[in-house]
Amino acid sequence: MKLKNKIILLVLTFVFALLFLSNKTLATNTIDVKVNGTMDYTKAQEVLDLVNKERQAAGVSTLKMDTELQEAAMTRAAELALNFDHTRPDGTSCFTISSKSYGENIAFGDTGASDVMKRWMNSEGHKSNILYGNFKSIGIGCFKNGSVYYWVQNFGIYDATLETSKTGTQNITYNVSVVNENLKIYARKTTNSTRISFMNIGNRGTYIVGIKNKSIDYYSVGDASDYTFTSSNSNVIKMNSDGTFYAVGKGTSTITIALKANSSVKFSENIMVKPFEPEKVTGLKAQNQKTTTFDITWNLQSETADKYEVYMYNSKKKNYERLGTSYSNAGTFYGLQAGTTYKVKIRAVRIINGKTYYGPYSDVLKTTTATDKTKITKVKGAKKKLTLNWKKISKATGYQVQVATDKKFKKIKKSVIISKNKTLSTTIKKLKSKKKYYLRVRTYRKVGGKKVYSKWSSVKNVKTK
């Protein structure tokens with residue numbers, strides 16, 4: 001709410017007008033920007049009816065809608081989209097909008113006349129303007145910018161020069177002068193991509209652009225003709241002068257939006273583009289290898305894949321066969337042969353609008369199931385040493401022997417790797433004399449530089465001499 005000095009002598013009114021004109025000429029560091037929206041004269045008339053209802057109830061004369069004041073109020077309502085304040089976006093007083101304006105009420109957000117009037121009447125200052133007896137005319141502005149309504153009441157102390165009762169709506173673009181340092185670009189892209197963090201080749205989009213409101217957490221919906229739109233890589237994003245763009249190739253492009261009138265006022269963001277086809281699956285590895293099963297895991301493509309096809313090499317048919325589908329980044333193979341090498345690969349699958357897209361196959365994972373466990377066939381203690389023998393497992397690469405002073409092998413004294421499959425005995429030296437030791441053996445099979453171990457044999461014990 002703002003009220004001009006209530007003294008209404010004509011000479012003072014003329015002085016005020018000169019002061020406003022002076023303020024206007026001082027605000028030279030401004031840029032004109034477009035504000036698009038809709039003037040709603042019907043809602044403005046509804047507000048007028050409610051104003052006069054309140055004034056009649058208070059015993060004061062009703063107001064008439066002045067054509068000049070209403071157009072001024074509509075302009076002010078559009079200006080509120082840039083700066084919700086009684087100071088205009090160009091830095092001058094709200095009363096410079098019209099020499100007829102002597103009081104101003106503003107509001108935003110309310111969608112209907114009754115809502116905004118209720119808010120004004122619940123505010124003492126705004127209510128005082130609405131019920132002030134010396135006001136005789138009014139201009140009411142209702143301007144919808146984007147999805148937000150902005151409201152203005154401009155009050156006059158003179159009779160309406162030209163009364164209006166205009167209704168309906170009218171789309172309009174205002175050119176509003178804004179102080180340079182208050183200019184901050186708002187930009188938001190809308191696309192037909194179902195993904196959030198990237199677009200796909202073939203997707204298209206549009207930038208909604210405007211200026212951030214200086215006073216509230218809103219922005220004005222502007223016009224693309226005020227801005228330049230550039231793409232750092234037109235082979236990735238093709239940018240058009242009207243703010244529309246297309247994803248044409250794989251990669252990342254930086255989009256820069258700047259005001260034509262002041263290129264230092266700009267907004268930038270990166271857009272990543274990927275093909276419809278999923279990416280190559282990475283990180284494929286095997287774990288938990290047992291004699292008849294093993295697990296595989298891989299890096300999840302949470303946004304580019306809907307499922308994964310898993311393939312295993314058939315050595316008899318000499319080709320890869322699809323064994324199943326996984327909807328996560330893990331799978332398990334069952335019914336395998338002990339001590340056998342297997343080759344696995346997978347590919348990601350994506351379904352868009354009923355069409356299936358396949359990613360490239362992963363690198364081949366070569367792994368093995370565990371071999372059968374062996375058993376200790378003979379143990380013999382000697383002076384500060386012991387010897388043990390075990391059963392040969394034909395598919396094993398080698399063996400691991402452990403010696404401990406406890407049967408749970410929490411205190412391991414020796415651990416020996418036997419790298420030859422045909423070596424079936426070993427002697428462990430440098431032990432304590434007349435000491436009881438526990439022994440166990442397991443096989444391992446080495447594939448791709450990694451050892452896969454079998455279960456441990458049964459534990460045996462022997463005493464040194």
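Values below: every heavy atom of this structure, side chains too, minus hydrogens, waters and symmetry copies.
Using a cutoff of 4.0 Å between basic side-chain nitrogens and carboxylate oxygens, Glu277 and Arg350 are not scored as salt-bridged. Ion pairing between a basic and an acidic side chain is recognised when a charged N comes within 4.0 Å of a carboxylate O; Lys189 and Glu269 show such pairing. Using a 4.0 Å cut-off between charged side-chain N and carboxylate O, Glu79 and Arg76 make a salt bridge.
The ring-ring contact (aromatic ring centres under 6.0 Å, His included) search around Phe198 returns none, not counting sequence neighbours. Judged as a side chain to side chain contact (heavy atoms under 4.5 Å, CB included), and not counting sequence neighbours, the contacts of Pro360 are Lys280. With sequence neighbours left out, Lys34 forms a salt bridge (charged side-chain N to carboxylate O under 4.0 Å, His left out) with Asp226. When the side chain to side chain donor-acceptor pair (under 3.5 Å) test is applied to Ser415, the partners found at least two apart in sequence or on another chain are Gln400. Under the side chain to side chain contact (heavy atoms under 4.5 Å, CB included) criterion, Val349 pairs with Lys307, Glu309, Thr356, Tyr358, sequence neighbours left out. Taking the ring-ring contact (aromatic ring centres under 6.0 Å, His included) definition, one finds that Phe267 meets it with nothing, sequence neighbours left out. Taking the ring-ring contact (aromatic ring centres under 6.0 Å, His included) definition, one finds that Phe409 meets it with nothing, sequence neighbours left out. For the ring-ring contact (aromatic ring centres under 6.0 Å, His included) test, residues two or more places apart in sequence or in another chain that qualify with Tyr444 are Tyr453. The side chain to side chain contact (heavy atoms under 4.5 Å, CB included) test applied to Asn122 returns Lys118, not counting sequence neighbours. A search for side chain to side chain contact (heavy atoms under 4.5 Å, CB included) contacts involving Ser394 returns nothing, not counting sequence neighbours.
For the pair Lys345 and Tyr320, the distance from NZ or CZ to the six-membered ring centre is under 6.0 Å and the angle to the ring normal is within 45 degrees. For the pair Lys144 and Tyr150, the NZ or CZ position fails the cation-pi test of under 6.0 Å to the six-membered ring centre and within 45 degrees of the ring normal.
For Lys450, the NZ atom is loosely surrounded, since the number of other residues' heavy atoms within 6.0 Å does not exceed 12. Taking a 6.0 Å sphere around NZ of Lys395, one finds it holds more than 12 heavy atoms contributed by other residues, nucleotides or ligands. No more than 12 heavy atoms of other residues, nucleotides or ligands sit less than 6.0 Å from atom CD of Gln337.
With 3.5 Å as the limit, one finds no donor-acceptor pair spanning the side chains of Thr254 and Ser268. Between Thr191 and Asn203, the side chains place no donor N or O within less than 3.5 Å of an acceptor N or O (distance only, hydrogens not considered).
Residue pairs that meet the ring pair (Phe, Tyr, Trp, His ring centres under 6.0 Å) test with at least one member in residues 230-261, sequence neighbours left out, are Tyr207-Phe245.
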- Begin with the C-alpha distance, continue with both residues' side-chain angles, and end with the deciding distance and a verdict on ring pair (Phe, Tyr, Trp, His ring centres under 6.0 Å) for Phe143 and Trp151. CA-CA 7 Å; Phe143 181 76; Trp151 304 81; over 10 Å; no
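The minimum heavy-atom distance between Ile237 and Met199, with the atom names listed, is CD1-SD, 4.5 Å. Between Ala261 and Ile31, the closest heavy-atom pair is CB-CG2, 3.4 Å.
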Please tabulate, for side-chain N and O atoms in residues 418-427, each donor-acceptor pair with protein atoms closer than 3.5 Å (sequence neighbours left out).
residue : atom : partner : partner atom : Å
Asn421  : ND2  : Ile393  : O            : 2.8
Asn421  : ND2  : Ala396  : O            : 2.7
Thr427  : OG1  : Thr387  : OG1          : 3.1

